[in-house]
Amino acid sequence: MIRPKILMRLIHINWVLVMHGLDEIVLKTPYFRPIRFLAIFSPYYWMTRQSEIKVARGVRIRQALEDLGPIYVKFGQALSTRKDLLPDDIADELVKLQDRVPPFGNDVARAIIEKELGMSIEEAFAEFSPHPLASASVAQVHTAVLHTGQEVVVKVLRPDIEERIHSDMGLIYELARIAEKFSPDARRLRPMEVVAEFEKTTLDELDLVREAANAAKIRRNFEKSAIIYIPEIHWEFTRQKVMVMERIHGIPVGDIEQMRAGGADFKLLAERGVEIFFTQVFRDNFFHADMHPGNIFVELPAKYIAIDFGIVGSLSLSDQHYLAENFLAFFNRDYRKVAEMHVESGWVPRTTRIEEFESAIRSVCEPIFEKPLKDISFGQLLLRLFQTARRFDMRVQPQLVLLQKTLLNIEGLGRQLYPDLDLWQTAKPFLEGWFHERMGPKAKINQLLKQFPEFAQQFPEIPSLVYKALDNAAHAQHQAEAQQRELALLREQIDSHQRSTMWAMIAGAALISLAVFFQ
């Protein structure tokens, strides 16, 4: 039974869709289809028909997502990176969700900042702009100048954002629970676990101290890098709801025309985007998982600047290893290895026939090789992958959802920057180098050298440990010998008892025979 609060939220969602002229989405759902003809009696049905003439559908979809709240804005942001999967008018409008969500008032922003910092705006900053530089689903950003003269940006969480997110997450959990209960396909997709992972990453965004720590870590990982720059965090002005960081100046990665006018190297940018992704995932095991165009800038001709590290991801060592082997086998077209790795890792049932699974993977993947991004239909590819997953009962791995989302973002950026990019040939050398570094002889020697201090610390205890081990072994040997002697004695007693029993039986039989004979 759906709880009243959840039911009210569903009604509100449907109301927002109707008010923005998107009632066809509501009326085509299974619950409303039988009564969709009743819509003609609603005045809003005719009002929205008139609004459709005046307002483009992309604008109506964007406005509806903004009205529904941060969770839905994030969904629109994710879709905006995949222009290959959407009509142009909708994709272009959803791009505005990346940093142009309607802002909240300057007075509210100032009140939050002053409460968090425990000082007035004038005490903290020499200058503070009342007009937001950018406004997104979770926070908005103002420019400021420190008393030292350094330019900074001040990120402020939206008021009451946590309450709104919890409300929407309750609805999503309810829908996931219903889907898991009534749909076998949904159970395979593990919706409750996927939603739990999504909730964790979303709530992490509400702690700007955590985001600042993520940014500091990635900044250290790419210190003095020639391909990407991470702004510096000002910790003295950073709290849970406020973060102050160095202001950067770059061209938004989605502004292709401005980059082209400035002489950007699009091919190098696309290749470096792939390199950054694989470096974060496999070298650092700590990756920026919200790489939509609103968070990425370019310093001409080909250097990235990244911001907004509220969502980051990492993998377990086993997932990292399986993933790397799968990628490399895929790039080498070793589909049997891909099939075996999926079974070995538990991503498909162990009862799966390797040959059949290998053939299915080949039929999906082979058509996309030796093609640039612009010639690959990722919509068709995703459809084929979902069909294959359903056929072989492939279960969704919640811990990989963030990685898959990030990979789609990277591929979407690459498609915009340089559609002729050969994704496979760009990524393959990096993975081969990673395997050589992690699995080669040099890696084993380095691993031993890293463990040497621990061995050295335990070295003085080795003689006593050896003595104890030998003493235990000798004691165990004495025990084993004693047990063997006891077993041998028991065996003799059993044999003796068996012989006595046999002679008694023979004597008894003889006596019975004599009695019968003399009778």
Look at the side chain of [X] and the backbone N and O of [Y], then say whether any donor-acceptor pair between them is shorter than 3.5 Å.
| X | Y | answer |
| --- | --- | --- |
| Arg272 | Tyr304 | no |
| Gln416 | Ile256 | no |
| Glu163 | Asp160 | no |
| Asp290 | Asn295 | no |
| Arg283 | Asn221 | yes |
| Arg219 | Ile230 | yes |

Begin from the C-alpha positions of Tyr418 and Leu268 and carry the test side chain to side chain contact (heavy atoms under 4.5 Å, CB included) through to its verdict. CA-CA 9 Å; Tyr418 188 69; Leu268 186 57; over 6 Å; no

Rounded distance [0.5 Å steps], [atom1] in [X] versus [atom2] in [Y]:
| X | Y | atom1 | atom2 | value |
| --- | --- | --- | --- | --- |
| Asp284 | Ser314 | CG | OG | 11.5 Å |
| Met259 | Phe266 | CE | CZ | 5.0 Å |
| Glu205 | Asn214 | CD | CG | 10.5 Å |
| Leu417 | Lys267 | CG | NZ | 13.0 Å |
| Ile276 | Glu271 | CD1 | CD | 12.0 Å |
| Asp265 | Lys303 | CG | NZ | 15.0 Å |

What are the two closest non-hydrogen atoms of [X] and [Y], and how far apart are they?
| X | Y | answer |
| --- | --- | --- |
| Phe282 | Gln320 | O-NE2, 3.1 Å |
| Asp308 | His288 | O-NE2, 2.7 Å |
| Ile113 | Val242 | CA-CG2, 3.8 Å |
| Glu114 | Ser120 | OE2-CA, 3.6 Å |
| Gln140 | Pro132 | NE2-CG, 3.6 Å |
| Ala124 | Leu146 | O-CD2, 4.2 Å |

Side chains of [X] and [Y] in contact at under 4.5 Å (non-hydrogen atoms):
| X | Y | answer |
| --- | --- | --- |
| Lys115 | Lys241 | no |
| Asp204 | Ile311 | no |
| Ile112 | Leu157 | no |
| Phe104 | Val156 | yes |
| Arg247 | Thr143 | yes |
| Ile307 | Phe297 | yes |

Can you spot which of Lys217, Arg239, Lys155 makes a salt bridge (charged side-chain N to carboxylate O under 4.0 Å, His left out) with Glu211? Lys155

Given the options Leu133, Val244, Ile248, Val153 meets side chain to side chain contact (heavy atoms under 4.5 Å, CB included) only with Leu133

Inspect the contact between Glu223 and Arg220 and indicate whether a charged nitrogen and a carboxylate oxygen are less than 4.0 angstrom apart. no

Are side-chain N/O atoms of Ser135 and Arg158 paired as donor and acceptor at under 3.5 Å? yes

In sequence, state the C-alpha distance, the side-chain angles, and the governing distance for Ile233 and Met243, and then conclude on side chain to side chain contact (heavy atoms under 4.5 Å, CB included). CA-CA 8 Å; Ile233 300 296; Met243 182 180 71; 4.0 Å; yes

Can you list every ring pair (Phe, Tyr, Trp, His ring centres under 6.0 Å) pair that touches residues 213-232, not counting sequence neighbours? none

By the ring pair (Phe, Tyr, Trp, His ring centres under 6.0 Å) test, which pairs, at least two apart or in different chains, include something from residues 136-160? Phe128-His142

Check whether more than 12 heavy atoms from other residues, nucleotides or ligands sit under 6.0 Å from atom NE2 of His131, and answer yes or no. no

